[in-house]
Amino acid sequence: MKVNYHTHCNYCDGKGEPREYVLEAINRSFSSLGFSSHAPLKEENDWTLKDYDVDNYLLEIKRLKEEFKNSINIYVGLEIDFYPDENRFDYFNKYNLDYSIGSVHMVKPKGSSVYYSVDESPEIFESVLTNLFSSSIELFTKEYYTTLRNMIIQGGFDILGHFDLIKKFNKGYKYFTEDEPWYREEVFQTLDLLEDTDIIVEMNTGALSRGVQDIPYPSKWILEECYRRNIKVCLNSDVHAPNNIECYFNESLDILRSCGFKELHTPFEVIDIRRKNG
Ligand SMILES: [Zn+2]
Ligand SMILES: [Zn+2]
């Protein structure tokens, strides 16, 4: 039973029409496919859905849901950015979504009125680190996890997107190692909060298909902590091109099994991932 609830098509920064993703998913025997375009932002940008396109997006996915209902379950959602000063989840949930992903792609340091990207490019990451956090990766990382915790406290979404996105440009542990006590403390504090919610943490393979990382989000030790704390987990590809729809899925399932997981949870199903004998 294959599913993916993190799909970007040409309504935001993905390549290809929604239909191409549906056909690819059916071809590969997926049982469910959830679309999660980036919800519009007030600031001009080239990676989110446009305000004027929200209704078209919802209508198109709902049409596909009907057209392919005998072959696959299709769900329409949004990947919604958390902004500390407003409730964007309340706002977008009014659109009658099937589900939503809550993500932190940007932080707004104290005293700043502007949001700064965590994951846009290595150059931007480096410049935010140098200019806003005095080159302290510890301060930058703490700001990221504080923002993530504030998002969890606000709530209003089903899946938490790419838990440790702050490590995107940390390939080869360029900026920090994950066994530093301050890093573990940030992760633990965040998991403590998740433990008391129904939020599903996604294992996200998007950075592998983009070639920027050689491990998925979140790192294996964090998944082990999720398992120990009974935090529900799903597996998503954060796909931006149809042929990456199940990139690194088999390897990820092995990682999940080795952490102890026997099942995955999505907003609509429970999936048994135990190996069948014979
Ligand atoms: Zn994202
Ligand atoms: Zn995404």
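Numbering of ligands and ligand atoms starts at 1, following listing order. For clarity, every value in this text was computed on a predicted model and none was experimentally measured.
Restricting His162 to its N/O/S atoms, the shortest distance to the Zn ion (ligand 1) is reached by NE2. Per residue Glu79, closest N, O or S atom to the Zn ion (ligand 2): atom name OE1.
Residue Glu44 qualifies as open at atom CD: its count of foreign heavy atoms under 6.0 Å is 12 or below.
Between Arg88 and Gln154 there is no side-chain heavy-atom pair separated by less than 4.5 Å. Residues Phe82 and Leu148 fail the side-chain proximity criterion, which asks for heavy atoms closer than 4.5 Å.
For His8 atom NE2 and Asp238 atom OD1, the angle they make at the Zn ion (ligand 2) is roughly 90°, to 10 degrees.
Coordination check, His6 versus the Zn ion (ligand 2): passed, since an N/O/S atom of the residue sits under 2.8 Å. Not a single N/O/S atom of His38, whether from backbone or side chain, sits less than 2.8 Å from the Zn ion (ligand 1).
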> Please walk me through it: do Asp164 and Tyr145 pass side chain to side chain contact (heavy atoms under 4.5 Å, CB included)?
Replying inline: CA-CA 8 Å; Asp164 52 355; Tyr145 278 111; 3.2 Å; yes

> Should Phe125 and Phe140 be marked as a ring pair (Phe, Tyr, Trp, His ring centres under 6.0 Å) after you check the CA-CA gap, both sets of side-chain angles, and the distance that decides it?
Replying inline: CA-CA 10 Å; Phe125 186 86; Phe140 192 179; 4.9 Å; yes

